[in-house]
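Following: one structure in structure tokens, then a few remarks.
The residues of the chain are indexed from 1 along the displayed sequence.
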Amino acid sequence: MIRFEDIKNNKTIRTYIEKADDSLKALGYTEHSFAHVGLVAERTRYILEKLGADEKETELAQIAAFMHDIGNLVNRVDHSQSGAVMAFRILDNLGMEAEDISDIVTAIGNHDEGTGVPVSRMAAALIIADKSDVRKTRVRDICDCKDDIHYRVNYSVNRSFLTINEDKTEISLKLDIDTNISSVMEYFEIFLTRMKLCKKAAETMGLDFKLFINEQQLL
């Protein structure tokens with residue numbers, strides 16, 4: 001079995017991630033490089049382990065998470081679909097089993113809020129892990145915060161926690177936001193669609209999705 005560490009250290013895949021992030025940087029997007037995909041992989045594993053997934057499922061999910069944004073190399077539009085096609089070719093060439101490739105490609109192809117649907121537990125975990133990555137360090141240039149709402153919202157987040165309760169009935173995203181930098185309303189202005197997808201993804205896994213901002217439950 002091809003392991004997550006094999007993918008994480010693969011020079012070709014790392015190049016695609018770097019170049020995809022270069023394209024997003026040119027377009028003015030927040031960081032989508034190794035810090036992002038690494039955190040998404042970590043959170044994806046956390047979700048699935050909490051829900052009792054075996055080692056194989058968590059490994060495949062981490063691979064999907066690490067590779068989920070490589071489609072930005074082609075174009076930001078429909079990047080989840082182009083990324084899925086790229087992942088298929090890479091993993092097929094590496095000799096991965098068709099069944100495992102299928103699970104990974106499905107998760108990657110369904111992670112974006114534009115067209116994504118949580119059609120599997122792996123896809124659902126990836127969606128929540130990806131959409132919950134809101135943090136100050138995703139901002140490339142603090143000077144842009146005043147003019148760009150995405151930069152401003154991310155820069156306002158001092159702390160972010162994703163947790164599943166002991167009863168495994170709820171998954172909660174808890175944010176500590178500096179409202180002097182960005183208002184709670186601005187967060188919803190750009191993230192409402194993503195939070196709705198997270199809610200749907202949570203339901204796929206038998207969980208309720210909760211959002212807390214500054215200790216106030218908003219979803």
Side-chain angles (χ1 to χ4, degrees), residues 4 8 29-55 57-69 80 104 107-108 110-113 116-139 150-151 153-179 181-182 184 186-219:
F4 170 60
K8 186 177 178 181
Y29 282 83
T30 52
E31 180 268 326
H32 283 70
S33 191
F34 298 115
H36 172 61
V37 299
L39 179 60
V40 174
E42 180 182 312
R43 286 186 171 178
T44 300
R45 184 179 187 92
Y46 164 77
I47 293 168
L48 292 177
E49 283 186 336
K50 272 286 193 178
L51 297 180
D54 60 25
E55 183 64 19
E57 184 178 359
T58 55
E59 283 281 319
L60 294 177
Q62 281 188 287
I63 290 171
F66 193 75
M67 300 178 72
H68 80 277
D69 269 341
S80 57
I104 291 169
I108 293 174
N110 280 284
H111 83 269
D112 190 60
E113 65 269 18
V117 179
V119 294
S120 68
R121 184 164 71 167
M122 190 183 298
L126 175 54
I127 286 169
I128 295 176
D130 180 38
K131 306 314 171 192
S132 66
D133 184 16
V134 189
R135 53 187 160 82
K136 191 182 295 289
T137 49
R138 293 198 74 178
V139 174
H150 290 84
Y151 273 37
V153 168
N154 276 276
Y155 195 73
S156 72
V157 178
N158 293 318
R159 293 186 300 170
S160 170
F161 301 97
L162 185 70
T163 59
I164 295 176
N165 66 350
E166 288 303 315
D167 293 334
K168 300 177 184 178
T169 58
E170 297 179 358
I171 183 166
S172 301
L173 175 60
K174 300 179 180 180
L175 304 176
D176 178 5
I177 288 180
D178 184 345
T179 54
I181 298 173
S182 176
V184 173
E186 281 193 322
Y187 177 88
F188 276 101
E189 184 177 339
I190 62 173
F191 285 114
L192 180 57
T193 303
R194 300 179 193 182
M195 294 300 97
K196 288 170 68 176
L197 182 58
C198 284
K199 184 174 178 61
K200 185 181 294 186
E203 290 170 353
T204 299
M205 297 183 289
L207 301 170
D208 288 327
F209 179 76
K210 307 292 185 182
L211 173 65
F212 296 84
I213 298 181
N214 294 348
E215 299 184 353
Q216 297 296 314
Q217 182 177 341
L218 300 178
L219 284 178

[X] [atom1] to [Y] [atom2] distance, which is reported to the nearest 0.5 Å:
X: L162; Y: L175; atom1: CG; atom2: CG; answer: 10.0 Å
X: H150; Y: E189; atom1: NE2; atom2: CD; answer: 9.0 Å
X: L197; Y: D112; atom1: CG; atom2: CG; answer: 8.5 Å

Set of side chain to side chain contact (heavy atoms under 4.5 Å, CB included) partners for [X], sequence neighbours left out:
X: T30; result: H32, R138, Y151, N154
X: K210; result: E170, S172, D208, F212, Q217
X: L219; result: F188, M195, F209, L211
X: S182; result: R152, V153, S156, E186

Scan the side chains in residues 46-53 for donor-acceptor partners under 3.5 Å anywhere in the protein, sequence neighbours excluded, and list what turns up.
unit_1 : atom_1 : unit_2 : atom_2 : d
Y46    : OH     : I164   : N      : 2.8
E49    : OE2    : R45    : NE     : 2.9
E49    : OE2    : R45    : NH2    : 3.2

Query raised in the report: Quick one: does N110's side chain have a donor or acceptor within less than 3.5 Å of a partner on P118's backbone?
Result: no
Testing the basics here: between [X] and [Y], what is the closest heavy-atom pair and its distance to 0.1 Å?
X: S160; Y: V157; result: CB-CG1, 4.3 Å
X: A41; Y: Q62; result: O-CG, 3.6 Å
X: T44; Y: A65; result: OG1-CB, 3.8 Å

Query - Sequence neighbours excluded - side chain to side chain donor-acceptor pair (under 3.5 Å) pairs with any residue from residues 119-134 - result: H36-D130, H36-D133, R43-S132, E57-R121, H68-D130, E113-K131, D133-R135
Query raised in the report: In terms of ring plane angle, is the pair F66 and F34 parallel, tilted or perpendicular, where the classes change at 30° and 60°?
Result: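 Because their plane-to-plane angle is under 30°, the rings of F66 and F34 count as parallel.
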Query raised in the report: Is there a side-chain contact between K200 and I127, using heavy atoms and a 4.5 Å cut-off?
Result: no
Query raised in the report: Are any of the side-chain heavy atoms of I177 and N158 separated by less than 4.5 Å?
Result: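 Heavy-atom side-chain distance check fails, nothing below 4.5 Å.
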Query raised in the report: Does atom CD of E55 have more than 12 heavy-atom neighbours, drawn from other residues, nucleotides or ligands, at distances under 6.0 Å?
Result: yes
